[in-house]
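A quick write-up on the structure given underneath.
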Amino acid sequence: MSTYDVAVIGSGPGGYVAAIRCAQLGMKTAIIEKYSTLGGTCLNVGCIPSKALLDSSHHYEHAVKHFADHGIEIPGDVKINLEKMIARKQAVVDQTTGGVDFLMKKNKIERYEGIGSFKDSTHVNITKSDNSVETIEAKNIIIATGSKPSSLPFITIDKKRVITSTQALKLKEVPKHLVIIGGGVIGLELGQVYRRLGAEVSVVEYMDRIIPGMDKALSRELQKVMKKQGVKFYTSHKVTGVKATAKQVTITADDKKGNPVEFKGDYCLVSVGRHPYTDGLNTEAAGVKLTDRGQVEVNDHLQTSVSNIYAIGDVVKGAMLAHKAEEEGVFVAETLAGQKPHIDYNLIPGVVYTWPEVAAVGKTEEELKEAGVKYKSGQFPFRALGRSRASADLDGFVKILADETTDEVLGVHMVGARCADLIAEAVTAMEFRASAEDISRMSHAHPTFTEAIKEAALAATDNRPLHV
Ligand SMILES: Cc1cc2nc3c(=O)[nH]c(=O)nc-3n(C[C@H](O)[C@H](O)[C@H](O)COP(=O)(O)OP(=O)(O)OC[C@H]3O[C@@H](n4cnc5c(N)ncnc54)[C@H](O)[C@@H]3O)c2cc1C
């Protein structure tokens with residue numbers, strides 16, 4: 001039987017990063033993945049393919065709607081070749097998952113293909129595609145089995161007309177009318193892809209606003225801009241039923257006033273969140289406890305109820321984000337090596353890759369109010385920047401929330417062009433506990449979108465932005 005210092009179950013961004021860090025720290029490491037490609041949800045059916053389609057559809061929309069403004073004329077019609085677009089997305093995925101293969105080999109991490117399930121607290125059975133079972137032994141085991149799309153009890157996901165994000169990433173036609181249940185990140189990103197490609201898109205959301213976990217100002221601005229782009233929103237609508245025929249889906253809901261309404265589309269994307277995935281893991285055999293919500297229960301060291309078994313990423317509490325999973329993978333590896341790592345969960349940024357992009361870190365205005373923290377707020381609109389005018393990306397703003405007394409930055413919330421990248425400045429500043437004035441006194445290259453951060457900081461410090 002092969003023996004290891006560490007066995008990692010699951011090869012998503014949590015698992016493969018944990019394995020690399022364990023190997024870097026000199027541990028003999030194995031990784032077990034049930035699918036034939038590494039990289040988990042993120043690389044195969046999540047972050048990477050969705051961004052590839054967002055980029056492709058963005059190019060198409062620019063070509064159709066905006067090239068002419070730049071003096072670029074295309075003789076004849078611009079056409080979509082969806083099959084090619086999806087094939088390009090798959091090529092990006094293949095290249096990226098292949099990169100993880102390379103990293104496993106480079107770091108001498110032993111790879112096992114099959115379903116990992118606990119035999120006991122130090123042994124994992126690996127069931128392969130031919131049903132043979134191999135058992136390995138490991139001093140420490142990291143559970144990184146991720147999550148799967150959730151649904152509602154009365155919805156049957158037939159994967160043809162009623163679909164999850166996984167099928168939405170490989171449709172064979174552009175929907176005529178895509179009805180999306182859920183106005184969260186995944187629904188909005190995929191909704192924008194198909195809206196750009198010509199679909200009518202309706203978003204039906206139970207809460208009174210889209211991206212409900214984020215600062216209210218971001219929800220308002222994104223909804224306003226996406227509405228201008230043609231997406232229809234039905235907030236405060238409670239979906240009550242979904243019925244599919246061969247070519248049509250009917251979604252029933254109760255509107256704000258409790259009146260029944262109906263949506264008819266050719267596809268219905270169910271994006272109501274994701275749930276932790278532990279099927280087949282046989283956690284009981286090792287004595288690993290789960291929470292009521294099906295997550296693997298962990299303490300502050302990401303240690304489960306069994307001291308040599310850890311769990312990270314989507315399968316444990318916290319934001320379901322790839323970079324959160326990665327941080328936790330590194331955290332556990334360094335803990336196993338006897339180090340004292342640290343994660344500040346308050347400083348894990350959240351991003352929506354629509355255009356305009358949405359990004360945030362730290363506390364929202366609603367959270368500060370609820371906690372009774374006295375704060376100042378400074379906001380700056382992108383439309384006042386030369387860089388925004390040059391690229392015609394005028395929507396959105398940066399909002400900085402700072403402590404009223406100390407001026408320490410408590411939260412940064414932005415919607416606009418390239419915010420997914422801009423948020424890194426806010427994370428850095430907050431990691432070093434910068435004040436709004438610190439940011440306002442740093443030189444920001446001109447012309448760049450980052451100038452909106454400096455200006456918002458000036459507005460938060462003592463209400464003296466330079467360009468509005
Ligand atoms: C459409 C979409 C877009 C997204 N976009 C973003 C984004 O832009 N940015 C972002 O930060 N996050 C994004 N996410 C979320 C992100 O994908 C997850 O947060 C991330 O993948 C979680 O990583 P993980 O390692 O915990 O689990 P996963 O990536 O889910 O990986 C778990 C792996 O474990 C394997 N596994 C499960 N059980 C077993 C078993 N018993 N034996 C062997 N293998 C097993 C699974 O096959 C899987 O490969 C997106 C998700 C979706 C669906």
Side-chain angles (χ1 to χ4, degrees), residues 41 44-46 50 145-195 199-214 219 223 226 231-281 290-296 314-317 319-320 352:
T41 303
N44 290 281
V45 291
S50 58
T145 49
S147 63
K148 290 277 175 205
S150 294
S151 183
L152 297 170
F154 50 85
I155 297 179
T156 308
I157 307 279
D158 64 14
K159 299 190 180 178
K160 292 187 184 99
R161 295 284 152 188
V162 185
I163 59 177
T164 68
S165 55
T166 304
Q167 293 82 49
L169 290 166
K170 52 182 181 196
L171 287 183
K172 294 207 159 37
E173 59 180 356
V174 175
K176 290 182 194 66
H177 183 195
L178 176 64
V179 182
I180 300 176
I181 305 178
V185 181
I186 294 173
L188 295 180
E189 289 183 3
L190 292 169
Q192 197 170 57
V193 166
Y194 286 107
R195 207 275 320 146
E200 181 186 348
V201 173
S202 302
V203 176
V204 187
E205 166 59 51
Y206 176 74
M207 304 291 280
D208 61 359
R209 61 187 178 107
I210 58 168
I211 45 170
M214 300 186 95
S219 304
Q223 183 166 337
M226 286 186 73
V231 177
K232 294 183 183 128
F233 289 98
Y234 301 88
T235 52
S236 302
H237 276 60
K238 184 182 175 192
V239 172
T240 52
V242 174
K243 283 216 170 61
T245 57
K247 296 219 160 139
Q248 189 176 270
V249 193
T250 307
I251 294 96
T252 48
D254 290 337
D255 73 6
K256 276 182 195 126
K257 294 180 182 147
N259 297 323
V261 286
E262 203 176 78
F263 303 90
K264 282 193 191 303
D266 48 347
Y267 289 89
C268 172
L269 167 63
V270 181
S271 55
V272 293
R274 298 177 61 82
H275 62 269
Y277 185 72
T278 54
D279 290 9
L281 200 54
L290 305 184
T291 67
D292 295 345
R293 303 176 65 189
Q295 294 158 330
V296 177
D314 282 10
V315 81
V316 301
K317 63 189 172 187
M320 287 187 168
V352 190

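What you see is a predicted model, and the numbers here were worked out from it, not measured in a lab.
Distance check: Ile180 CD1 to Phe233 CZ gives 8.5 Å after rounding to the nearest 0.5 Å. If you take CG on Leu171 and CG on Leu190, they are separated by 9.0 Å, rounding to the nearest 0.5 Å. Distance NE2/His237 to NZ/Lys256: 7.0 Å, rounded to 0.5 Å. Rounding to the nearest 0.5 Å gives a distance of 12.0 Å between CG of Leu269 and OG of Ser202. Here the CD1 atom belonging to Ile155 is positioned 8.5 Å from the CD1 atom belonging to Ile251, to the nearest 0.5 angstrom. Between the NZ atom of Lys159 and the OG1 atom of Thr166 there is a distance of 7.5 Å, given to the nearest 0.5 Å.
Residues forming a side-chain contact (heavy atoms from CB on, under 4.5 Å) with Leu281 (at least two apart in sequence, or on another chain): Ile9, Phe118, Ile143, Thr145, Thr278, Thr283.
Looking at Thr235 and Gln223, their side chains come closer than 4.5 Å, going by heavy atoms from C-beta outward. Side-chain contact between Leu169 and Ser50: present, with at least one pair of heavy atoms (C-beta onward) separated by less than 4.5 Å. With contacts defined as side-chain heavy-atom distances shorter than 4.5 Å, the pair Val249/Val179 does not qualify. Put simply, the side chain of Val162 does not reach to within 4.5 Å of the side chain of Thr156, judged on heavy atoms.
In this structure, Ser219 contributes its side chain and Ile210 its backbone to a donor-acceptor pair below 3.5 Å. In this structure, the side chain of Thr41 does not engage the main chain of Gly46 through any donor-acceptor pair within 3.5 Å. Side-chain N or O atoms of Tyr194 include one that pairs as donor or acceptor with a backbone N or O of Ala168 at under 3.5 Å. Side chain of Thr291 to main chain of Arg293: a donor-acceptor pair is present (N/O by atom type, distance under 3.5 Å, no hydrogens or angles). Under the 3.5 Å distance criterion, the side-chain polar atoms of Arg209 are matched with a main-chain donor or acceptor of Met214. The backbone N or O of Ile181 lies less than 3.5 Å from a partner atom in the side chain of Ser271, making a donor-acceptor pair.
Applying side chain to side chain donor-acceptor pair (under 3.5 Å) to Tyr267 and the options His177, Glu173, Gln167 leaves one that passes, Glu173.
Smallest separation of non-hydrogen atoms from Ile157 and Ser151: CD1-OG, 3.8 Å. Scanning all heavy atoms of the two residues, the minimum distance from Glu205 to Pro212 falls at OE2-CG, 4.2 Å. Closest non-hydrogen pair, Phe154 versus Val242, comes out as CD1-N, 4.5 Å. The heavy-atom pair separating Gly191 from Val201 by the smallest distance is O-CG2, 3.6 Å. Nearest heavy-atom pair across Pro260 and Asp254 is CA-OD1, 3.9 Å. Listed here is the closest heavy atom pair of Pro175 and Ala199: O-CB, 3.0 Å.
Sorted by first and then second residue, the salt bridge (charged side-chain N to carboxylate O under 4.0 Å, His left out) pairs involving residues 257-280 (not counting sequence neighbours) are Glu262-Lys264. For the salt bridge (charged side-chain N to carboxylate O under 4.0 Å, His left out) condition, the pairs that include at least one residue of residues 178-191, sequence neighbours left out, are Lys51-Glu189.
Atom OH of Tyr277 has more than 12 heavy atoms from other residues, nucleotides or ligands within 6.0 Å. Lys170 NZ: 12 or fewer foreign heavy atoms inside a 6.0 Å radius.
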Any chance you could lay out the side-chain contact (heavy atoms from CB on, under 4.5 Å) test for Lys148 and His275, step after step, and finish with the verdict?
CA-CA 6 Å; Lys148 290 277 175 205; His275 62 269; 3.9 Å; yes
List the steps and the verdict of side-chain contact (heavy atoms from CB on, under 4.5 Å) for Leu152 and Val270.
CA-CA 9 Å; Leu152 297 170; Val270 181; 5.5 Å; no
